[in-house]
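Just below is one structure, and these are the notes that go with it.
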2 protein chains.
Amino acid sequence: MVSLKSSVVLSAEISPAASGRWLDTIIKGDCVSALEKLPDNSVDVVFADPPYNLQLGGALHRPDQSLVDAVDDAWDQFASFEAYDAFTRAWLLACRRVLKPNGTLWVIGSYHNIFRVGAILQDLNFWILNDIVWRKTNPMPNFKGRRFQNAHETLIWASPSAKGKGYTFNYDALKAANDDVQMRSDWVFPICSGGERLKDENGDKVHPTQKPEALLARIMMASTRPGDVVLDPFFGSGTTGAVAKRLGRHYVGVEREQTYIDAARARIEAVEPLGGATLSVMTGKRAEPRVAFNVLVESGLIKPGAILTDARRRHSAIVRADGTLASGGEAGSIHRLGAKVQGLDACNGWTFWHYDDGGVLRPIDDLRTVIRADMARMG
Amino acid sequence: MVSLKSSVVLSAEISPAASGRWLDTIIKGDCVSALEKLPDNSVDVVFADPPYNLQLGGALHRPDQSLVDAVDDAWDQFASFEAYDAFTRAWLLACRRVLKPNGTLWVIGSYHNIFRVGAILQDLNFWILNDIVWRKTNPMPNFKGRRFQNAHETLIWASPSAKGKGYTFNYDALKAANDDVQMRSDWVFPICSGGERLKDENGDKVHPTQKPEALLARIMMASTRPGDVVLDPFFGSGTTGAVAKRLGRHYVGVEREQTYIDAARARIEAVEPLGGATLSVMTGKRAEPRVAFNVLVESGLIKPGAILTDARRRHSAIVRADGTLASGGEAGSIHRLGAKVQGLDACNGWTFWHYDDGGVLRPIDDLRTVIRADMARMG
DNA sequence: GACGATGCTGAATCTTCTG
DNA sequence: CCAGAAGATTCAGCATCGT
């Protein structure tokens, strides 16, 4: 079992000593000034659940005249769109400074604020990777019957710049977990309620917009690796911290209200981290070491002079000693020649070309696994 | 059966004579200048499908090397966000002038443009009533496996001012059509394909972004009454006109391209208006919800680290936090790993793998019924 | 005609490494 | 930084064709 502490030691870039003790802590204060305590390029992912700028215009009552406990806290009040926009720009810029260039940022919001946040993200040159819809299984009904039931919230997933190409996305794991079809942009989760919802000594909810842990788990399993650092600049009740600890990720939280900080600390303290074996992330071919075709020839798995064909034996080529293929006067790499014989621009020669194994055609890709198994044993 | 002509007569405010002959026509031209032909406060609903301002890199090929026919039309090209914003402000203001104070406006977009549109709507003092998610049953996949599949588009439904309170919303009709539960903000429809998709004489699609009629039908059934006037400032292939005529509403279209105008005219000409009783068939059907394995993990019904076995306990595997299974150095989806441990090509992991429920082995498929019970309430 | 195999397509900001 | 090469990557629905 890999403990959270040993994960820290394994991470070359981040260590508790170098981090100024901010790792796995909650920093009290306004998020822009609090983030000044963090060095540049120090976090892998930002998850932000900013104030929604709700404008309900008076109390909301259910049909039975009971009062709906709406979000009307002081921290959620802004004088104008301009004030909200300035606030948004400030915290986004502060987050980008501490975010690694290959990191990504998540923001969640509703129609009250998400359009402003999205437009500002684009204005600041963030690059939107996806917008994600969280569909709620159990949303609050629309009591007035004058609109559609507000049954979803929107997340934006963005790279800090248009050139950010090396971001983490655990595509293969998500696909395998999703019954072998790729994960879509619409997710279904219940809202946070029942035992998961933090309550104070009076039985009242501690935080008005506590997010479900399943939502954060999906986000972290998709866009982080074990040992990564997740920053939450609006920490609230600490869902980000609790999920990060459970999944073997590090967290940094920023929060202004002492009540929330106290509740989050106690909550995270009680979390039991999962063991190392359960945290391994499934990877696909992309993560495998590269093996060049001539390695197969040099190792004798394929002999010079051998004939390769496509799966239907419509095209054939001869293997040359230098690791290239030749066919009808043309020669080139397995990829180039595969493309050429098909009249295409590109081709994956590993899956296109097959060898004859006692009458059965098998892709030459199968032979790479032999080489890779050897490489794995040698370290 | 209500004919279109009698609907006109029933409408006190709009008559063909007073309308200057623009009712149920397509006006050729740029939408801002074309709308100058319409009087103030003359339409009940605006449906706008503006250019999305896609910013495509190079050509995109499917894994089989076929080329994706991208939206690279000139009308979707803008020099900058500033240019797109100015364009957006101009058409929104032109639409608001002709929109009745108690009318409403719909805009559809994707993450490329919808955040800008939404923020500008708010800046112009439109009042957002809902954001609506159109979930596509059959979206295009993400071919490179570097992001989530882009499986939805977003609509914004707004009132022209914060004081617009008398807008039409057929709450009870929608609820009745939705198995007596409130209509939610997430809608499911297939993309427009098959016989509904307009093709030219070469068999090519007439318009690259033709919207499904079911989507427009939902919109009109929700926010208009028979005889109302629906303006579409980006008329394209005329889906708005076709659905308006079928549902006994009036339309006005604005379109720049003669090709689209010709196709839309012929299309609308062929439409047979329906009677009110047949309209419920347009609202779309719900399918049995698909539940993937990761939903069980994320919901806590199966915990990471849990051991699954086959019915006779001959094979076992451990559940990982990413929603995959691992066994003897191998990892994969419940289906892949089930096949692998049995030495088979395929396996239904839902019936193969079992969990231990107090000494009794039960197939993990049983746990899906719990989730489906939750989802059933969503409609 | 029925049925399976094969092919085509849809609003898409869709790779990564080496030299 | 750029050019070039390696090589990884798709889901649902509909149309067409062959048996």
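Predicted model, so just to flag it, every value in this text is computed and none were measured. Below, all heavy atoms of this structure are taken into account, side chains as well, without hydrogens, waters or symmetry copies. In what follows, chains are A, B, ... by sequence order, proteins preceding strands, each numbered from 1.
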Roughly, in whole Å, what's the span from [atom1] in [X] to [atom2] in [N]?
X       : N       : atom1 : atom2 : result
N142(B) : dA11(C) : CG    : C1'   : 14 Å
L54(B)  : dG10(C) : CG    : P     : 14 Å
E288(A) : dT16(C) : CD    : P     : 16 Å
K199(B) : dG10(C) : NZ    : P     : 7 Å
Y52(B)  : dA11(C) : OH    : P     : 9 Å
K205(B) : dT9(C)  : NZ    : P     : 9 Å
R147(B) : dT16(C) : CZ    : P     : 11 Å
K163(A) : dT15(C) : NZ    : C1'   : 17 Å

For [N] versus [M], give the span between their [atom1] atoms, rounded off to a whole number of Å.
N       : M       : atom1 : value
dA8(D)  : dT9(C)  : P     : 27 Å
dA11(C) : dA15(D) : P     : 16 Å
dA12(C) : dT9(D)  : C1'   : 14 Å

Check every nucleotide of DNA chain D for an atom under 4.0 Å from a heavy-atom of chain A, then give the first and the last such nucleotide from 5' to 3'. dA6(D) to dC11(D)
Phosphate contact (dT18(C) OP1 or OP2) by R290(A) side-chain N/O below 4.0 Å: no
Examine dT15(C): is either OP1 or OP2 under 4.0 Å from a nitrogen or oxygen in the side chain of K144(B)? Give yes or no. no
Under 4.0 Å between any heavy atoms, over every strand shown, what does [X] touch: base, sugar-phosphate, or nothing? Just pick one.
X       : answer
D365(A) : nothing
P212(B) : nothing
T137(B) : sugar-phosphate

State whether the side chain of [X] and the backbone N or O of [Y] hold a donor-acceptor pair below 3.5 Å, judged by distance alone.
X       : Y       : answer
N138(B) : I191(B) : yes
N130(A) : F148(B) : yes
D73(B)  : D76(B)  : no
Y167(A) : R146(B) : yes

Nearest heavy atom decides the nucleotide; on that basis, is R146(B) or F81(B) closer to the 5' end of DNA chain C? F81(B)
The single option from F47(A), W187(A), W106(A), W127(A) passing ring-ring contact (aromatic ring centres under 6.0 Å, His included) against W157(A): W106(A)
Any idea how F293(B) and W350(B) line up, ring-wise: parallel (<30°), tilted (30 to 60°), or perpendicular (>60°)? perpendicular
is_close_aromatic(Y260(B), H207(B)), centroid dist under 6.0 Å: yes
Does the gap between the ring centers of F234(B) and W75(B) come in under 6.0 Å? no
Using a 4.0 Å cut-off on heavy atoms, which residues in residues 114-131 of chain A reach DNA chain D? List them by number, or say none. none
Report the C-alpha distance between S333(B) and D180(A) in whole Å, list the side-chain angles of each, state the deciding distance to 0.1 Å, and finish with yes or no for side chain to side chain donor-acceptor pair (under 3.5 Å). CA-CA 7 Å; S333(B) 69; D180(A) 292 321; 2.7 Å; yes
Go through the N and O atoms of the side chain of K211(B) and the base of dA11(C), and report whether any donor-acceptor pair is under 3.5 Å. yes
Do Q258(B) and D262(B) have side-chain atoms, one donor and one acceptor, less than 3.5 Å apart? yes
Symbol by symbol from the 5' end, with Watson-Crick or G-U pairs under 3.5 Å, [ ] crossing and | another strand, DNA chain C is .|||||||||....|||||
